[in-house]
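Quick notes on the structure that follows.
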Amino acid sequence: MKKIETIIKPHKLDEVKAKLIDIGIHGMTVTEVKGFGRQKGHTELYRGTEYKIDFLPKVKLETVVPEELVEKAIEAIIGAAYAGQIGDGKIFVSPIEETIRIRTKERGKEAV
């Protein structure tokens with residue numbers, strides 16, 4: 001199994017979630033985060049004063065998927081989150097050693 005962590009623009013969340021559900025991924029955790037990458041934020045003008053906004057609002061979506069769904073999930077995320085602009089996001093894939101459902105003590109794929 002693999003853990004897929006995705007950092008995307010907040011307005012893309014519903015579309016990404018829908019695409020993941022369409023391919024059979026139903027469990028996910030979403031966190032509102034702030035960060036910056038290559039764009040290093042931007043400046044805004046407020047009441048005549050310029051302010052540097054270093055950290056931009058993003059959404060972090062985490063899901064654990066079976067090995068056979070990893071590529072489908074990545075394609076779905078890219079398809080839904082892509083806008084062709086700086087700040088579209090990142091996808092990180094990590095191995096998961098074990099998954100355990102606390103309520104039933106199930107392990108592995110059954111616990112996801």
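Note that the coordinates shown come from a computational prediction; the quantities given were computed from them, not determined experimentally.
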At their closest point, which heavy atom of [X] faces which heavy atom of [Y], and how far apart are they?
X: P10; Y: P57; result: CD-O, 3.5 Å
X: V112; Y: T99; result: CG2-CG2, 4.0 Å
X: K19; Y: A80; result: CG-CB, 3.7 Å
X: E98; Y: G108; result: OE2-N, 3.6 Å
X: I23; Y: L69; result: O-CD2, 4.1 Å

If we only count heavy atoms from C-beta on, is the [X] to [Y] side-chain gap below 4.5 Å?
X: I25; Y: I21; value: no
X: Q85; Y: K9; value: yes
X: L20; Y: L61; value: yes
X: K58; Y: K34; value: no
X: V59; Y: T31; value: no

Using the rule that two of Ile, Leu, Val, Met, Phe, Trp, Tyr join whenever any of their side-chain heavy atoms come within less than 4.5 Å, decide whether [X] and [Y] are in one cluster.
X: F92; Y: Y82; result: no
X: M28; Y: I74; result: yes
X: I8; Y: I91; result: yes
X: L13; Y: V33; result: no

- [ ] For D88 and A83, indicate whether the former's side chain and the latter's backbone hold a donor-acceptor pair under 3.5 Å.
- [x] yes
Task: Backbone N/O of G27 and side chain of T63: donor-acceptor pair under 3.5 Å - done: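 Yes, T63 side chain to G27 backbone: donor-acceptor pair under 3.5 Å.
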What's the separation between atom [atom1] in [X] and atom [atom2] in [Y], rounded to the nearest 0.5 Å?
X: E5; Y: T29; atom1: CD; atom2: OG1; value: 10.5 Å
X: I7; Y: K60; atom1: CD1; atom2: NZ; value: 5.5 Å
X: I96; Y: I4; atom1: CD1; atom2: CD1; value: 10.0 Å
X: T6; Y: K90; atom1: OG1; atom2: NZ; value: 12.0 Å

Task: Note: K3-E62 ion pair, threshold 4.0 Å (strictly below) - done: yes
Open item on the list: Taking E71 first and then K2, would you say they form a salt bridge - that is, a charged N and a carboxylate O separated by under 4.0 Å?
Closed with: no
Open item on the list: As a quick check of understanding, evaluate salt bridge (charged side-chain N to carboxylate O under 4.0 Å, His left out) for K109 and E68, giving each step before the final call.
Closed with: CA-CA 11 Å; K109 287 183 185 179; E68 59 270 13; 3.3 Å; yes
- [ ] Decide if atom NZ of K72 counts as having more than 12 heavy atoms of other residues, nucleotides or ligands within a radius under 6.0 Å.
- [x] no
Open item on the list: With a sphere of 6.0 Å drawn around NZ of K12, does it hold more than 12 non-hydrogen atoms of other residues, nucleotides or ligands?
Closed with: yes
